[in-house]
Protein chains: 2
Amino acid sequence: MTATTEGELLPQPAAAEIELVKVLHALGDPVRLQLFQVYAAGGEYDCSSERLGVMHLHKSTVSHHMKVMREAGITSTRAAGRVRYVQLRRADLDARFPGLVAALLAARE
Amino acid sequence: MTATTEGELLPQPAAAEIELVKVLHALGDPVRLQLFQVYAAGGEYDCSSERLGVMHLHKSTVSHHMKVMREAGITSTRAAGRVRYVQLRRADLDARFPGLVAALLAARE
DNA sequence: CAAATGGTTTGACATCCATCAAACAATCCA
DNA sequence: TGGATTGTTTGATGGATGTCAAACCATTTG
C-alpha cells in the first residue's frame, strides 16, 4: 500500500445525523472556530499546533477540541500511522446545511 | 403616548461589535436555537412561553436565555410598561454576517 | 391603596467544559 | 531493541452554565 490517502476513519456521525445545535455549540468556542477556519481553507491537517494557530494550548487540549468537532460532524479524521489527518466535512455540511459554511467563512472578522 | 412602538431599548452591543463566536455560542443551546427560530418568523414577541414554545421552562430561565441572546447581539428588546418586546436583529445580523441567518433557517431539521 | 401582571434578579445547585499534566499507546527510526 | 514522534486518555481543577425557586420591581387594574 503506497497510496497517500491510507488510514482508518475514526468514528463520526453519518451526514444525515449531523445536528445543527451541536455544530453551533462546537463552533461557539474561539479555539474551535479558529480550527474550523483553518480547515476550511481545504486539505488535510495533522495536529501540529503551529499550522493550526493554537501554539498556546497543550496537545491534550487540542486533541479534545478535535474530538468535539469530529463528534459534532464538522470534521473527519483519518488515522495513518502515528499521524491523524483531519479535514472539514465540507460536502456533508453543505448538503445538510446549505450556505452555512460559506456564511461562516464570509463572516471572518 | 398612543404609539404602538413605544418603550425604552435595553442595552445591546452595537451592530459592528457583534462577535461571531458569541452568536454561535448563544445559538449552540437548544432552547435559544428554538427562540431564534421563533423570532426569525418576524415581528415582536413578549416573554409568554406558550408563543415561544418553551412552556416547560421557568420564567426566570426564559429571562436568562433572552438576556444571553440580547447580549450576544442576536435580539433587541424594547421595554414598554410591564412587557418586554423582543425581536431578531435581522438587519444587523445580515449586515455583519451575510447569509448566516438565512442559512440557519434553511437548516431547519 | 391593594392585588394582579409581566418580567428581572439573586441565590443555590448540579452539570458541563476548557485546560493542563502525567501516563499511556502506537508507530517510526536509528 | 530502544528512543523519538504523534497523538489519546484519564484525572484534577477552576470556571462557566442551565435550571428552579423565591424575592423583588414596575406597571396596570379593581
Side-chain angles (χ1 to χ4, degrees), chain A residues 1-2 4 6-12 21-36 39 44-72 75-87, chain B residues 1-2 4 6-12 19 21-36 39 44-72 74-87:
Chain A
M1 278 83 82
T2 53
T4 58
E6 276 304 308
E8 201 175 344
L9 201 62
L10 268 57
Q12 62 179 37
V21 70
K22 289 188 182 176
V23 170
L24 297 176
H25 179 263
L27 295 179
D29 172 273
V31 172
R32 290 190 295 259
L33 186 56
Q34 156 78 20
L35 295 178
F36 167 79
Y39 295 149
E44 291 186 315
Y45 296 80
D46 60 30
C47 303
S48 86
S49 47
E50 306 95 60
R51 285 192 68 197
L52 298 174
V54 288
M55 294 82 70
H56 56 301
L57 292 176
H58 196 276
K59 60 179 180 173
S60 62
T61 303
V62 176
S63 181
H64 161 69
H65 284 303
M66 301 211 288
K67 184 178 185 180
V68 170
M69 296 186 76
R70 176 167 42 83
E71 291 180 343
T75 56
S76 86
T77 301
R78 169 173 77 85
R82 293 174 296 192
V83 183
R84 266 69 175 155
Y85 292 101
V86 180
Q87 62 180 342
Chain B
M1 279 82 82
T2 53
T4 58
E6 276 303 309
E8 201 175 344
L9 201 60
L10 268 56
Q12 63 180 36
E19 289 176 46
V21 70
K22 289 188 182 177
V23 170
L24 297 177
H25 180 262
L27 296 179
D29 172 273
V31 173
R32 291 191 294 260
L33 186 57
Q34 156 78 19
L35 295 178
F36 167 80
Y39 296 148
E44 291 186 316
Y45 296 80
D46 62 28
C47 303
S48 87
S49 48
E50 306 94 61
R51 286 191 69 197
L52 298 174
V54 289
M55 294 81 70
H56 57 298
L57 290 176
H58 196 275
K59 60 179 180 173
S60 62
T61 302
V62 176
S63 181
H64 160 69
H65 284 303
M66 300 211 290
K67 183 177 185 182
V68 170
M69 295 185 77
R70 176 167 42 83
E71 292 180 340
I74 296 171
T75 57
S76 86
T77 301
R78 170 173 77 84
R82 293 174 298 193
V83 184
R84 266 68 175 155
Y85 293 100
V86 180
Q87 62 180 343

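Keep in mind that what you see is a predicted model, and the values were worked out from it rather than measured. Proteins get letters first, then strands, A, B, ... in listed order; numbering begins at 1 in each.
- A straight line from CE of A/M66 to P of C/dT19 spans 14 Å, rounded to a whole angstrom.
- The minimum heavy-atom distance linking B/V83 with B/D46 is given by the pair CG1-CB, 3.6 Å.
- Distance, B/H65 NE2 to C/dT9 C1': 16 Å, rounded to whole Å.
- Scanning both residues, A/L10 and A/A79, for their nearest heavy atoms gives CD1-CB, 3.7 Å.
- In this entry the distance linking NE2 of B/H25 with P of C/dC17 reads 9 Å, nearest Å.
- Taking for each of A/A80 and A/V68 the nucleotide of DNA chain C with the nearest heavy atom, the 5'-most of the two is the partner of A/V68.
- Checking D/dT6, C/dT8, D/dT19 against the side-chain heavy atoms of A/V83 singles out D/dT6 as nearest.
- In this structure, the CZ atom of A/R78 is 17 Å from the C1' atom of C/dA26, given to the nearest Å.
- When side chains are defined from C-beta on, A/L27 counts as touching A/M69, because their heavy atoms get closer than 4.5 Å.
- In this entry the distance linking OH of A/Y85 with P of C/dT27 reads 14 Å, nearest Å.
- Taking each heavy atom of B/L52 and B/Q34 in turn, the nearest pair found is O-NE2, 3.0 Å.
- In terms of heavy-atom proximity, A/G81 sits nearest to A/R84 at O-NH1, 3.8 Å.
- Counting only distance, with no hydrogens or angles, the side chain of B/R32 and the backbone of B/A26 share a donor-acceptor pair below 3.5 Å.
- Proximity of A/R82 to the phosphate of C/dC29: no side-chain N or O atom is located under 4.0 Å from OP1 or OP2.
- Put simply, NZ on A/K67 is 13 Å from P on C/dA18, counting in whole angstrom units.
- Following rounding to the nearest Å, A/K22 (NZ) and C/dC16 (C1') show an atom-to-atom distance of 14 Å.
- With distances taken from any side-chain atom of A/R84 to the nucleotides D/dT5, D/dT8, D/dT19, the minimum falls on D/dT8.
- Sorted by residue number, the members of residues 51-64 of chain B with any non-hydrogen atom under 4.0 Å from DNA chain C read B/K59, B/S60, B/S63.
- Rounded to whole Å, the distance from CG on A/D29 to P on C/dA18 is 5 Å.
- Put simply, the side chain of A/Y39 reaches to within 4.5 Å of the side chain of A/M66, judged on heavy atoms.
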